[in-house]
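The figures that follow rest on heavy atoms only: side chains count, while hydrogens, waters and symmetry mates do not.
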Amino acid sequence: MDVELVGQLRSETGKGAARRLRSRQMVPAIVYGPKMESVSVAVSSKRMEKLLRDMGEESRLLTLSIEGDGEPSTKQVLIREIQVHPSRRRFLHVDFYEVPMDHPIVVVVPVELVGESVGVKKGGTVDVVRRTVSVRCLPGEIPEKIEVDIKQLDLGGAIHVGDLAKMVPYALVDDKHLSIVNILAPEGAAKEEEVKKK
């Protein structure tokens, strides 16, 4: 799904100019990248709120259209940093990074569990340890999510980052020993096991 955002070129910088922008429901921002000089823009705070709500935790490639100097220029960007006021919870500043489309980048992608595990059917509980993983891929191939099939997981079973390597066509960056999900045995079953051992 393409995500589009419009940025207005701005010539004024500094705290006063930033305050005036925010009073008009706009957020000061900067666009930078390895193949361009940095550009100061302003984006709609309401559009940013909606965009972040829709994106959730995932990294998504955005089409940023920069207006204000002749023909609009279009950049493929990622959000690199968002500064938010600690008490008012409003946007203070946004950094956009223009990505070279022919170079792999590292992005954070949400994990979605699929199916009901064998262990849960026996009374176990799903313990989600990580809701995201980091992958290296080309900017145009960033997945919206990675689905993890847990149907075969029994009590005490787990899926680690290393196990995902067989399931996805992306290079995984996180430590392969990190857990994604565990199936915990019911408390009663664990106590029974302890009694048996004694």
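- Placement of Leu51 and Ile82 within a single hydrophobic cluster is found when ILVMFWY residues are connected by side-chain heavy-atom separations under 4.5 Å, directly or transitively.
- Arg130 contributes no side-chain N or O that, together with a main-chain N or O of Ser179, makes up a donor-acceptor pair within less than 3.5 Å.
- To the nearest 0.5 Å, the span separating OG on Ser73 from CE on Met36 amounts to 7.5 Å.
- In this structure, CD in Gln25 is found 6.0 Å from NZ in Lys46, a value given to the nearest 0.5 Å.
- A distance of 4.5 Å separates CD1 of Ile105 from CG of Leu78, quoted to the nearest 0.5 Å.
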Leu64 vs Glu4, test: side chain to side chain contact (heavy atoms under 4.5 Å, CB included). Steps then yes/no. CA-CA 6 Å; Leu64 178 65; Glu4 296 182 358; over 6 Å; no
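- Between Glu144 and Pro110, every side-chain heavy-atom pair lies at or beyond the 4.5 Å cut-off.
- Judged by distance alone, with hydrogens and angles left aside, the side-chain atoms of Asp149 form a donor-acceptor pair with the main-chain N or O of Lys151 at under 3.5 Å.
- Within a 6.0 Å radius of NE2 in His103, other residues, nucleotides and ligands contribute 12 heavy atoms or fewer.
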Side chain to side chain contact (heavy atoms under 4.5 Å, CB included) between Val114 and Val148: does it pass, once the steps are laid out? CA-CA 6 Å; Val114 178; Val148 178; over 6 Å; no
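- Between Lys145 and Glu112 the shortest side-chain heavy-atom distance falls below 4.5 Å.
- The heavy-atom pair separating Asp174 from Val161 by the smallest distance is O-CG1, 3.8 Å.
- Here the straight-line distance linking atom OG of Ser44 with atom CZ of Arg24 works out to 11.5 Å at 0.5 Å rounding.
- When every heavy atom of Pro139 is checked against every heavy atom of Pro100, the shortest pair comes out as CG-O, 3.5 Å.
- Put simply, Val77 and Leu138 are part of two different groups of oily side chains (I, L, V, M, F, W, Y) that touch within less than 4.5 Å, one to the next.
- Taking 4.5 Å as the limit, every side-chain heavy atom of Val84 sits out of range of all side-chain heavy atoms of Leu92.
- The hydrophobic cluster containing Met167 also contains Val126, counting ILVMFWY residues as joined when their side-chain heavy atoms lie under 4.5 angstrom apart, directly or transitively.
- Counting heavy atoms from C-beta on, the side chains of Ile180 and Val129 never come closer than 4.5 Å.
- Considering only heavy atoms from C-beta on, Asp127 stays 4.5 Å or farther from Ile183 through its side chain.
- Two residues are said to be in side-chain contact when any heavy atoms from C-beta on lie closer than 4.5 Å; Leu113 and Val128 meet this criterion.
- How far CG of Leu172 is from CG of Leu164: 6.0 Å, rounded to the nearest 0.5 Å.
- By the 4.0 Å N-to-carboxylate-O rule, Lys176 lies too far from Asp163 to be salt-bridged with it.
- Taking Ile, Leu, Val, Met, Phe, Trp and Tyr as members and joining any whose side-chain heavy atoms lie under 4.5 Å apart, directly or through other members, the hydrophobic cluster of Leu21 also contains Met26.
- With no hydrogens or angles considered, no side-chain donor-acceptor pair links Ser117 and Gln152 at under 3.5 Å.
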List the steps and the verdict of side chain to side chain contact (heavy atoms under 4.5 Å, CB included) for Phe91 and Val43. CA-CA 10 Å; Phe91 298 118; Val43 294; over 6 Å; no
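- By the criterion of side-chain heavy atoms lying less than 4.5 angstrom apart, applied directly or through intervening Ile, Leu, Val, Met, Phe, Trp or Tyr residues, Val181 is not grouped with Val118; the two fall into different hydrophobic clusters.
- Within the 4.5 Å cutoff, side-chain heavy atoms of Phe96 are placed close to those of Leu5.
- Between Val108 and Ser134, the shortest heavy-atom distance links the atoms CG2-OG, 4.0 Å.
- Taking a 6.0 Å sphere around CZ of Arg136, one finds it holds 12 or fewer heavy atoms contributed by other residues, nucleotides or ligands.
- Looking at every heavy atom in both residues, Val109 comes nearest to Val135 through CG2-CG2, 3.7 Å.
- Atom-to-atom distance recorded for Leu61:CG and Gln76:CD is 5.0 Å, nearest 0.5 angstrom.
- Nearest heavy-atom pair, Ser38 versus Tyr32, reported as atom, atom and distance to 0.1 Å: CB-CB, 4.0 Å.
- Taking all atoms of both residues into account, the shortest heavy-atom contact from Gly140 to Met101 is N-CE, 3.8 Å.
- The main-chain N or O of Glu98 is never found under 3.5 Å from a side-chain atom of Arg80 such that the two would form a donor-acceptor pair.
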For the pair Gln8 and Glu67, evaluate side chain to side chain contact (heavy atoms under 4.5 Å, CB included) and give the outcome as yes or no after the intermediate values. CA-CA 5 Å; Gln8 302 288 337; Glu67 299 178 344; 3.1 Å; yes
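- Under a hydrophobic-cluster definition in which Ile, Leu, Val, Met, Phe, Trp and Tyr are linked whenever side-chain heavy atoms come within less than 4.5 Å, directly or via other members, Val6 and Val27 are assigned to different clusters.
- In this structure, Arg60 does not pair ionically with Asp54, as no charged nitrogen and carboxylate oxygen lie closer than 4.0 Å.
- Residues Thr125 and Val120 fail the side-chain proximity criterion, which asks for heavy atoms closer than 4.5 Å.
- Judged by distance alone, the side chain of Asp95 and the main-chain N or O of Glu81 form no donor-acceptor pair under 3.5 Å.
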